[in-house]
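This report refers to the structure that appears directly beneath it.
Heavy atoms only: backbone and side chains are in, while hydrogens, waters and symmetry mates are out.
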Amino acid sequence: MITKDKQHQLDQRYLRMARIWAENSYCQRRQVGALVVKDQRIISDGYNGTPSGFENQCEDEQGVTHPYVLHAEANAITKLARSSNNSDGATLYVTASPCIECAKLIIQAGIKRVVYGEKYRLDDGLNLLKKANIKVEYLE
């Protein structure tokens with residue numbers, strides 16, 4: 001059993017790693033990173049960006065994000081679908097709180113805990129996660 005203090009240390013470490021992973025994003029407006037962790041092992045990772053085969057340019061000339069850009073959470077969860085891992089009972093570490101669309105994916109993926117480090121302008125994703133009894137934690 002992991003103590004509360006040890007869990008807090010792990011949460012800080014994994015969130016730091018998600019912030020580093022976010023640096024892989026080509027997005028100019030915001031870089032977001034995500035890690036899916038199960039049994040203290042990283043089983044998937046993701047950052048916001050364009051789908052495979054697309055040019056690594058997230059925004060148009062006016063700085064508006066292209067509608068096909070994937071969020072970090074979506075990238076991490078869909079990557080799991082192509083692996084032998086599953087996310088039942090896992091924790092998602094993400095640098096920004098999930099939007100409502102990513103919250104739906106988190107619920108369907110069986111993730112039971114979300115730790116985030118920055119509040120998104122909308123809280124409907126967090127509210128949906130809480131309604132689904134997923135533990136949500138803000139870690140500055």
Side-chain angles (χ1 to χ4, degrees):
M1 188 79 180
I2 298 174
T3 66
K4 189 175 180 179
D5 191 47
K6 177 67 174 171
Q7 185 61 60
H8 183 72
Q9 290 174 358
L10 288 170
D11 289 345
Q12 288 179 316
R13 184 174 306 136
Y14 287 128
L15 194 55
R16 240 184 356 259
M17 292 169 73
R19 286 188 180 109
I20 292 168
W21 200 243
E23 294 173 13
N24 289 313
S25 173
Y26 288 89
C27 295
Q28 300 299 308
R29 286 185 19 176
R30 171 182 274 185
Q31 294 179 315
V32 180
L35 298 176
V36 180
V37 176
K38 185 173 179 178
D39 301 324
Q40 296 185 37
R41 283 187 16 245
I42 297 169
I43 60 170
S44 191
D45 54 58
Y47 52 87
N48 57 326
T50 56
S52 298
F54 281 64
E55 184 179 357
N56 285 325
Q57 191 169 354
C58 298
E59 297 88 7
D60 64 19
E61 298 81 30
Q62 288 77 37
V64 177
T65 301
H66 294 297
Y68 51 81
V69 169
L70 291 161
H71 288 186
E73 305 94 303
N75 261 330
I77 290 168
T78 56
K79 188 187 267 189
L80 276 168
R82 298 177 80 173
S83 76
S84 60
N85 289 314
N86 78 67
S87 51
D88 279 340
T91 298
L92 173 75
Y93 293 89
V94 62
T95 58
S97 61
C99 70
I100 193 148
E101 293 302 318
C102 288
K104 293 175 196 178
L105 293 174
I106 292 165
I107 293 165
Q108 290 301 98
I111 292 168
K112 295 299 178 199
R113 186 167 170 256
V114 174
V115 178
Y116 67 97
E118 179 184 319
K119 293 182 181 179
Y120 182 61
R121 60 184 171 81
L122 302 173
D123 62 359
D124 50 354
L126 293 175
N127 292 336
L128 183 62
L129 292 171
K130 291 173 187 172
K131 187 174 183 178
N133 294 317
I134 293 173
K135 191 171 183 181
V136 176
E137 298 177 38
Y138 173 57
L139 189 65
E140 291 185 69

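- With a 4.5 Å cut-off on side-chain heavy atoms, Pro51 and Tyr68 count as touching.
- Cluster annotation: Val36 and Val114 are assigned to the same hydrophobic cluster (Ile/Leu/Val/Met/Phe/Trp/Tyr, side-chain heavy-atom contacts under 4.5 Å, transitive).
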Checklist line | Full working for side-chain hydrogen bond (donor to acceptor under 3.5 Å, both in side chains) between Tyr47 and Asn75 | finding: CA-CA 7 Å; Tyr47 52 87; Asn75 261 330; over 6 Å; no
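- Residue Asn48 holds its CG atom at 10.0 Å from CZ of Arg29, rounded to the nearest 0.5 Å.
- Here the OG1-CE distance, from Thr95 to Met17, works out to 14.0 Å after rounding to the nearest 0.5 Å.
- To the nearest 0.5 angstrom, Glu118 atom CD is 10.5 Å from Tyr116 atom OH.
- Here the straight-line distance linking atom CD of Gln7 with atom CG of Asp11 works out to 4.5 Å at 0.5 Å rounding.
- Tracing side-chain contacts under 4.5 Å through hydrophobic residues (I, L, V, M, F, W, Y), one never reaches Leu70 starting from Ile106; they form parts of separate clusters.
- Ile111 and Val115 fall into different hydrophobic clusters, defined by Ile, Leu, Val, Met, Phe, Trp and Tyr side-chain heavy atoms under 4.5 Å apart, directly or through other members.
- Using modelled atom types, one side-chain atom of Ser97 and one backbone atom of Tyr120 make a donor-acceptor pair closer than 3.5 Å.
- Closest of all the heavy-atom pairs between Gly125 and Ala103 is O-CB, 3.5 Å.
- A distance-only check finds a donor-acceptor pair linking the side chain of Gln28 to the backbone of Tyr26 [under 3.5 Å].
- Cluster membership check: Leu126 shares its hydrophobic cluster with Leu128, using side-chain heavy-atom separations under 4.5 Å among Ile, Leu, Val, Met, Phe, Trp and Tyr.
- With sequence neighbours excluded, the residues forming a side-chain contact (heavy atoms from CB on, under 4.5 Å) with Asn86 are Lys38, Asp88, listed by chain and number.
- A heavy-atom distance below 4.5 Å is found between the side chains of Tyr14 and Ile42.
- Taking CD from Gln40 and NZ from Lys6, the interatomic distance works out to 7.0 Å, rounded to the nearest 0.5 Å.
- Summarising the geometry of Ala109 relative to Ser87, their closest heavy-atom pair is O-OG, 2.6 Å, with the distance given to 0.1 Å.
- A single hydrophobic cluster is not seen to contain both Val37 and Leu129; linkage of ILVMFWY side chains at heavy-atom distances under 4.5 Å, directly or through other members, places them apart.
- In this structure, Leu80 and Ile43 have side chains that are in contact, with non-hydrogen atoms separated by less than 4.5 Å.
- Using a 4.5 Å heavy-atom threshold, the side chains of Leu139 and His8 count as touching.
- Annotation: side chain of Thr50 is not in contact with side chain of Glu55 (no heavy-atom distance under 4.5 Å).
- Taking 4.5 Å as the limit, every side-chain heavy atom of Trp21 sits out of range of all side-chain heavy atoms of Gln31.
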Checklist line | Worked check of side chain to side chain contact (heavy atoms under 4.5 Å, CB included) between Lys131 and Asn127 | finding: CA-CA 6 Å; Lys131 187 174 183 178; Asn127 292 336; over 6 Å; no
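- The distance from atom CG of Leu92 to atom CD1 of Ile77, rounded to the nearest 0.5 Å, is 6.0 Å.
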Next item on the list: For side chain to side chain contact (heavy atoms under 4.5 Å, CB included), just list the numbers for Ile100 and Leu122, CA-CA rounded to whole Å, side-chain angles, deciding distance to a tenth of an Å, and then say yes or no.
Entry: CA-CA 9 Å; Ile100 193 148; Leu122 302 173; over 6 Å; no
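- Between Cys102 and Ala74 the shortest heavy-atom distance is SG-N, 4.2 Å.
- Formation of a donor-acceptor pair under 3.5 Å by the Ser44 side chain with backbone atoms of Ala76 is found in this model.
- In this structure, Asn85 and Arg41 have side chains that are in contact, with non-hydrogen atoms separated by less than 4.5 Å.
- Remark: Gln108 CD is loosely packed, at most 12 non-hydrogen atoms of other residues, nucleotides or ligands lying under 6.0 Å away.
- Among all heavy-atom pairs drawn from Leu15 and Gly117, the shortest one is CD2-CA, 3.7 Å.
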Notebook entry, point to check: Would Arg113 and Tyr93 count as a side chain to side chain contact (heavy atoms under 4.5 Å, CB included) if you check the C-alpha gap in whole Å, the side-chain angles of each, and the deciding distance to 0.1 Å?
Noted result: CA-CA 9 Å; Arg113 186 167 170 256; Tyr93 293 89; 3.6 Å; yes
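- Here the closest heavy-atom approach between residue Gly49 and residue Cys58 is recorded as CA-SG, 3.9 Å.
- Between Ala96 and Arg30, the shortest heavy-atom distance links the atoms CB-NH1, 4.1 Å.
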